[in-house]
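Sequence lines set the chain letters: A, B, ... in the order given, protein chains first and strands last, and positions in each chain run from 1.
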Amino acid sequence: MKCRVCRGGAVIELRRHNAGFCPEHFLRFCRDQVAKAIAEFDMFTPEDRVLVAVSGGKDSLALWDILTELGYQADGFYLGLGIGEYSERSASASRAFAEQRGLTLVERSLPDEFGFDVPGGAKAAKRAPCSACGMSKRHVFDETAIAGGYDVLATGHNLDDEAAVLFGNVLHWHTEYLARQQPVLAARPGFPRKVKPLVRLGEREMAAWCVLRSIDYIVEECPMAAGNRHLAYKEALNEVEERSPGSKFDFYHGFLRRAAEGFRHSEQVDDVDLQPCSTCGAPTPGEVCAFCRLVERAGGSVPVTLGATRQVEPR
Amino acid sequence: MKVVLHHPRREIDVSGPATVRALLDHLEVNRESVLVIRGDTLVTGDERLSDDDVVELRPVISGGAFARAVPRGRP
Ligand code: SF4
Ligand SMILES: [Zn+2]
Ligand SMILES: [Zn+2]
């Protein structure tokens, strides 16, 4: 197979584009797709300071790499989750990447700072590990982005992730989630602007990016992920994609272009009655936010208030 | 050829030669779900693999198990 651009030997075939690419032109293709997503959805500008949530996996490290290559000011943020050996290896992959490229990695840790790890926290709170973990990540990511004065928080969600989530939301007609499934979420009081610059690239492309750029990402996944229902949706979508390349892209981007607007009204106006959490200051509908309640139940330390950074005006 | 699989990491022998695509079909692996790596380079579906190649089928679906079939004989 030949490269579509230079006719040299191809190392990867993208059936959705009916094309093969050599290493150089594949990397250029990926950078172009990210640049296109940033422009198309008006994500951020070169003047903005971007915080990239990194896990040591292929998507987040590739995202950080591509943003840096495109000339954006991107720092990484790693949150230690205390998931045994998986967390140790993901931390060292993230640190090694930052070190090799002379990039800034901000680090925090649930066990060190809040006194609980994901398996223990989930058990104490009687939640599924991914639910306790996801909630903790959102809370600490938001807090760190705001406290650090970043203009935008970027995550490595790719086309496959977004298509799988969309598939689940459509399957069960979660219209309130459909209303919020966007590659950009605007900043609100207490919440940073959030963007997903990889929505035009699939996970196979991100893994290939890492291989071609010699990025040592962790191939093994979090042990808690087994049985995750999004995995089944991804497999189902890949069955369709194999027979009909381009389906995943059309499904997700067609939704954004032609259908998303129609679900706007389903969005609950959910920041109307938010007030500052009495413990940490983050916006919450109750007295104490869900994260602080988790910390308390998991027997950990009470978080240190970050001062005015996340405060919302009491109403 | 030696084929390295993940989740869990293991090695199997498959007799060659065969194209990458035939190997994936034989193992019932969805083409969208893996990268095929020979030595330290990626290879496309039409590439011919010989008996003394070592190839890694690296899953790209986060958290995914991907090789269900136990391979037998030639692809
Ligand atoms: S798989 Fe679940 S527990 Fe593991 S890192 Fe992801 S969200 Fe957290
Ligand atoms: Zn080329
Ligand atoms: Zn709180």
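No salt bridge links B:E32 with A:R243; every basic N to acidic carboxylate O contact stays at or beyond 4.0 Å. In summary, A:R16 and A:E205 engage in a salt bridge, as defined by a charged side-chain N under 4.0 Å from a carboxylate O. Remark: A:E107 engages A:R95 in a salt bridge, criterion side-chain N to carboxylate O under 4.0 Å.
The most heavy-atom pairs under 4.5 Å with chain B, out of A:M1, A:E13, A:K234, come from A:M1. Annotation: maximal heavy-atom pairing with chain A below 4.5 Å, among B:L35, B:V43, B:D46, occurs at B:L35.
Of all heavy-atom pairs between B:G16 and B:M1, the closest is CA-CE, 3.7 Å. Considering every non-hydrogen atom in both A:L79 and A:L110, the closest pair reads CD1-N, 4.0 Å.
Using a 4.5 Å cut-off between heavy atoms, A:Y217 touches chain B through its side chain atoms alone. With a 4.5 Å cut-off on non-hydrogen atoms, A:D160 does not touch chain B at all. For chain B, no part of A:L237 is nearby; none of its heavy atoms comes within less than 4.5 Å. Of the atoms belonging to A:V211, it is side-chain heavy atoms, and not backbone ones, that fall under 4.5 Å from chain B. Interface remark: A:N158 contributes no atoms to any contact with chain B (heavy atom separation under 4.5 Å).
In this structure, A:H174 and A:Y177 have perpendicular ring planes: the angle between them is above 60°, well past the 30° mark.
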